[in-house]
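Inspection log for the structure reproduced underneath, given as structure tokens.
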Amino acid sequence: MADRYDPHVIESRWQARWQADRLYHAPDDDPRPKWYALTMFPYPSGDLHTGHWYAMVPPDVAARYRRMLGNNVMFPMGFDSFGLPAENAAIKRGIDPKEWTYANIERMRSQMRMMGASFDWDREVITSDPEYYRWSQWWFLQLYHRGLAYRAEAAANWCPGCQTVLANEQVVDGRCERSDDLVERRFLTQWFFRITAYAEELLRFDGIEWPERIRTMQTNWIGRSEGAFLDFAVDVPGVDEKLRVFTTRPDTVYGATFMVLAPEHPLVDRITTPAQRGAVDSYIEATSRQTEIERLSTEKEKTGVFTGAFAKNPFNGARVPIWIADYVLVTYGTGAIMAVPAHDERDFAFARTYGLDVISVFSRSDVDTSRPLEEAYPSGDRMINSGPFDGTPAAEAIGRVVAHAAAGGYGQATVNYRLRDWLISRQRYWGTPIPMIHCANCGIVPVPEADLPVTLPEHVKFDPTGVSPLTQIAEWVNVECPACHGPARRETDTMDTFMCSSWYQMRYADPHNTERPVSRDAARRWLPVDQYTGGAEHAVMHLLYTRFFWKAARDLGVVEGDEPMVRLFNQGSILGPDGNRMSKSRGNVVAPDDQVAQWGSDAFRCQLMFVGPWDQGGPYNPTGMAGIVRWLHRLWSVATEPPVLTDTPGTAEARALRRATHKTIRDVTLELEGFRFNTLISRLMEHSTAMQKARDRGVADRAAWDEAVDVALLLTAPLAPHVTEELWAQRGRPYSIHLQRWPAFDPELARDDEIELVLQVNGKVRDRLHLPADAGEAEARAAAFASPKVAALLAGKEPKRVIYVPARLLNIVL
RNA sequence: GCCGAAGUGGCGGAAUGGCAGACGCGGCGGUCUCAAACACCGCUGGGGUCACACCCAUGUGGGUUCGAAUCCCACCUUCGGCACCA
């Protein structure tokens, strides 16, 4: 009798063997078709937690399956290792961010080895290594030369907790996505990436299979809206300016009874009359003190102040008052609107509060336009009160009005986006230095490519001051200007870490290249990613940035094709046994190291996949582990303790076992293709039970039995790589099971020779019949009416209808 | 407020127009054992019955259909996203 299944002995042994053999290395020169499987790389926070396992195990299973299908699979891993936690550790505990980070990487790498995942460690990428961030800087320079990186002053999101600015995508409900602090607005000069240049292309998802949900979120975030610019002349003595507004409803221009500027609009100061100056200044003051949350609240009463100035409607010369109000955002459109209270809910509320005119410019059968309106109505039938346009049908209104404005030189059709450029400056130390130099003579000068990387200085003081700690390192900051050789200063801000993760998938293809971020050959060989997996929380951050970055890289000639990742699958999040997010304070943390110590890696891997559908996530069930462990023991038992084997392929038992085996191949393959790991394991459990029952009869056909056991091991190999490798070896099969071909299923062998037909009367199940698999409708009907139960219910009545679903069901309607 | 996903036994879940509850946990009963553990076998939605029969049951209420967890309408609840974007 063979030894009992003891995961601890076999797992470390096989892990060492695989590593020594570089079993999972994807060679560049390999004739097999490539498959690039990628799962989002982790931040090295210290310990590998269950969430990491949950994110990494299923992609490992899928990658192993692909390898068995005959692909040259690249499944790399690395670390997204720049970022704030390292610096915060430095501030709190006086540890150097670099030491902290690299110690964590060391630890997490060893924890990942225990997972038994098939990562290609030869391709490891660490974003805080100078050999990596040198290329992040190189990308920055290329974007700068193309006009895609620029410096500008703008209202920036300032996180007081992180002591740095954030991109719009990193502000959630007015709070910092990382620290949850309330975000403040500050006007600062910062570096931006011109993601808006690709707004239109980012709305197209041609040729990629991404979840509808993610595509919708990105589409909404980009927020395309068609409309027009219209120019109103400012009617203020001594101010010769146009007031440009963006509107999606140029057809309502005759109903514009006032204008509204954002309080931060640059024209406010120049047009405000002396009489209104005090009110305007104090309103601006009050607005600037509000948090983003207060300001964006839709519940709040609309407030605003009259500037004392007027503008002239270019269509009819009407003189309309100019107000400022915080419901108009300086960051969207032109920061100014024409207000049409009759047809816009917000403008209507404002007009009501301040007693401003309301003019309807569309007729509508259910609205009496001669009486004061109770509420705004957005749409109507024909234009009214609109001079020469009166009578124009709504469908033609926008086109005619815009054409008129364009002819008159005071308007044009345009498309506006909600998406804003990506603010990438961070006032922190532990990030990629922005490779720019500020020279008093030459202005902004890029660091020459030959001087890259601009490395981070060491031994820095980290007290948060709101400016980058780098400013304090005189010997680092002060440099010679590359252009005029005069004294100059380095840019002291570092890049948003989302920059690092925007192109890491390219670097895995060619991780050690010292000439380029990725060679043309490597890019052609490996890119794009065939299957990407990760959490959906990155929908409008990483997943949008990386698409932008790829398109820019394509236009720079570095990569080919339009999209970085062909297929995307988002897993859900694994929760504690109590259904809450795992946290130390709740005491519901499941530590992978403990689970592995207790049950082994194979069992933990399988249990994570078995608890439910991967895309839904859900609570981890530690007591359910018993079922998985029993199943693995059963697999061990049938593989090591066969029945007496005979050469009797023709028996019913032999055929039944082969049928079970081939149905399992068919089902498991389908489940695997669909990433349905929980039901996949169910199918494998059923097959193990079938084998056990066959074994317990004491005798089995040799060919059917060997096939059943071999197939069970092969199909289980991606999920439980260690125990299957061990059993495969014990059966004397060639090393390694993970290099074997995925079994093929034979439909002939999988076919049933008997079917169960459900008999219904009036849609209710009354009986079941067993018929030969090749029985047709006529036989089925005959057998059904012969059933005593059916006959009793029929009681001699003539059926109205008989519905027959081949090989499944027969329903008699009375 | 708007958009989307979901709601099924004691629990995780399966079934996406055709046998509701696969698979597993837990529970109950049994075999083995001096005993326990492990393992194995049987039962396990509710009512009803000695046992069958039968009836009820997939958040709630309607509808479509021979037939609905599945499709449609309304509502309730939970989760996610968006939320003055002119």
Side-chain angles (χ1 to χ4, degrees), chain A residues 4 172-173 211-214 216-221 223-225 227 245-250 252 256 260 262 295-300 302 325-329 331-340 343-347 349-350 416-420 536-537 539-540 572-573 577 579 606-607 610-613 615-631 633-634 637 676 678-686 688-689 692 696 756-768 789 792 799-814:
Chain A
R4 279 178 51 80
V172 178
D173 288 336
E212 182 67 40
R213 199 164 113 248
I214 300 291
T216 306
M217 282 167 73
Q218 293 201 348
T219 302
N220 292 342
W221 186 260
R224 182 181 199 275
S225 102
V245 300
F246 172 73
T247 177
T248 55
R249 295 296 305 279
T252 61
V260 186
R295 178 155 174 188
L296 290 178
S297 166
T298 48
E299 322 290 273
K300 174 185 91 153
K302 292 203 172 10
D326 63 2
Y327 81 91
V328 172
L329 309 176
T331 45
Y332 184 78
T334 63
I337 62 160
M338 63 175 203
V340 185
H343 305 293
D344 183 281
E345 206 185 305
R346 297 152 301 175
D347 298 343
F350 193 80
N416 198 50
Y417 301 92
R418 187 182 165 281
L419 180 72
R420 293 171 219 163
E537 67 273 14
V540 295
S573 40
C606 291
Q607 176 62 6
F610 189 59
V611 288
D615 56 343
Q616 280 172 33
Y620 180 70
N621 178 4
T623 58
M625 183 63 92
I628 290 291
V629 171
R630 257 173 229 154
W631 167 54
H633 274 108
R634 197 180 311 148
S637 157
R676 292 181 295 269
N678 55 332
T679 46
L680 185 164
I681 291 177
S682 301
R683 297 288 91 81
L684 289 173
M685 286 174 166
E686 283 170 334
S688 298
T689 305
Q692 183 175 295
D696 289 349
E756 190 181 68
L757 189 75
V758 172
L759 292 187
Q760 293 187 339
V761 177
N762 286 338
K764 291 204 162 127
V765 180
R766 297 299 178 180
D767 202 1
R768 293 144 217 270
K789 286 188 184 171
K800 275 195 206 124
R801 273 178 81 178
V802 176
I803 286 124
Y804 176 66
V805 182
R808 296 195 83 153
L809 168 143
L810 191 136
N811 185 14
I812 298 166
V813 185
L814 295 178

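We name chains A, B, ... by the order of the sequence lines, and we start the count at 1 in each one. In this text the structure is predicted, and so the values were computed from the model without any measurement.
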When we call it a touch if two heavy atoms are under 4.0 Å apart, what does [X] touch: a base, just sugar-phosphate, or nothing?
X	answer
Ser225(A)	sugar-phosphate
Arg683(A)	base
Arg224(A)	nothing

Are [X] and [N] close enough that a side-chain N or O sits under 4.0 Å from OP1 or OP2?
X	N	answer
Asn678(A)	A14(B)	yes
Arg213(A)	G4(B)	no
Arg418(A)	A86(B)	no

Given [options], identify the nucleotide with an atom nearest to the side chain of [X].
X	options	result
Phe246(A)	A39(B), A86(B), G12(B)	A86(B)
Gln692(A)	C40(B), C66(B), C82(B)	C40(B)
Pro613(A)	A14(B), C40(B), C23(B)	A14(B)
Tyr332(A)	A86(B), G24(B), C84(B)	A86(B)
Glu686(A)	A86(B), C40(B), C23(B)	C23(B)
Phe610(A)	C55(B), A83(B), G24(B)	G24(B)
Arg4(A)	C23(B), G12(B), C38(B)	C38(B)
Thr248(A)	C23(B), A86(B), C82(B)	A86(B)

With both distances under 3.5 angstrom, what nucleotide forms a Watson-Crick or G-U wobble pair with [N]?
N	answer
U16(B)	none
C75(B)	G59(B)
G80(B)	C3(B)
A68(B)	none
C40(B)	G30(B)

Distance check needed: [N] [atom2] versus [X] [atom1], whole Å only.
X	N	atom1	atom2	result
Asn621(A)	G12(B)	CG	C1'	6 Å
Met625(A)	G12(B)	CE	P	18 Å
Asn220(A)	C82(B)	CG	C1'	7 Å
Gln218(A)	G4(B)	CD	C1'	16 Å
Asp615(A)	G4(B)	CG	P	19 Å
Leu419(A)	C82(B)	CG	P	14 Å
Arg766(A)	G67(B)	CZ	P	14 Å
Asp347(A)	A86(B)	CG	P	12 Å

Considering only the [atom1] atoms, how many Å lie between [N] and [M], rounded to the nearest integer?
N	M	atom1	value
A86(B)	A6(B)	C1'	34 Å
A20(B)	G45(B)	P	14 Å
C66(B)	U78(B)	P	38 Å
G4(B)	C75(B)	P	14 Å
G17(B)	G9(B)	P	22 Å
G59(B)	G67(B)	C1'	23 Å
U8(B)	C79(B)	P	15 Å

>> Counting C-beta onward and ignoring hydrogens, is there a side-chain heavy-atom pair between Gln607(A) and Asn621(A) closer than 4.5 Å?
In response: yes
Distances under 3.5 Å between nitrogen or oxygen atoms of protein and nucleotides 42-45 of chain B:
none

> Less than 3.5 Å between a donor and an acceptor, one on the side chain of Lys800(A) and one on the base of C66(B), is that the case here?
Replying inline: no
>> Tell me if G9(B) is syn or anti. Syn = glycosidic torsion within 90° of 0, anti otherwise.
In response: syn
> Closest approach of Asn678(A) and Pro613(A), non-hydrogen atoms and distance?
Replying inline: ND2-N, 3.5 Å
>> Among residues at least two apart in sequence or on other chains, which ones pass side chain to side chain contact (heavy atoms under 4.5 Å, CB included) with Ala336(A)?
In response: Leu243(A), Val245(A), Leu261(A), His265(A), Thr334(A)
>> Taking side chain to side chain contact (heavy atoms under 4.5 Å, CB included) as the definition, give me every residue that meets it alongside Ser682(A), ordered by chain and number, with sequence neighbours left out.
In response: Phe610(A)
> Who passes ring pair (Phe, Tyr, Trp, His ring centres under 6.0 Å) against Phe350(A), sequence neighbours left out?
Replying inline: Phe258(A), Trp323(A), Tyr327(A), Tyr354(A)
> Measuring from Ile628(A):CD1 to Ile681(A):CD1, what's the distance to the nearest 0.5 Å?
Replying inline: 5.0 Å
>> So, taking the atom named CG in Asp767(A) and the one named CD in Gln760(A), what distance separates them when rounded to the nearest 0.5 Å?
In response: 12.0 Å
> Arg683(A): what forms a salt bridge (charged side-chain N to carboxylate O under 4.0 Å, His left out) with it, not counting sequence neighbours?
Replying inline: Glu671(A), Glu686(A)
> Taking everything shown except Gln692(A) itself, do over 12 heavy atoms lie less than 6.0 Å from its CD?
Replying inline: yes
>> Using modelled atom types and a 3.5 Å cut-off, is there a donor and acceptor pairing between side-chain atoms of Thr689(A) and backbone atoms of Met685(A)?
In response: yes
> Within the distance-only criterion (no hydrogens, no angle test), does the side chain of Asn811(A) pair as donor or acceptor with the backbone N or O of Gly763(A) below 3.5 angstrom?
Replying inline: yes
>> Let me spell it out: for each of Gly618(A) and Val765(A), pick the nucleotide of RNA chain B with the closest heavy atom. Which residue's pick is nearer the 5' end?
In response: Gly618(A)
Can you name the atoms? Protein N/O to nucleotides 16-18 of chain B N/O, anything below 3.5 Å, with the distance.
unit_1	atom_1	unit_2	atom_2	d
G18(B)	N2	Gln760(A)	OE1	3.4
G18(B)	N2	Asn811(A)	ND2	3.4

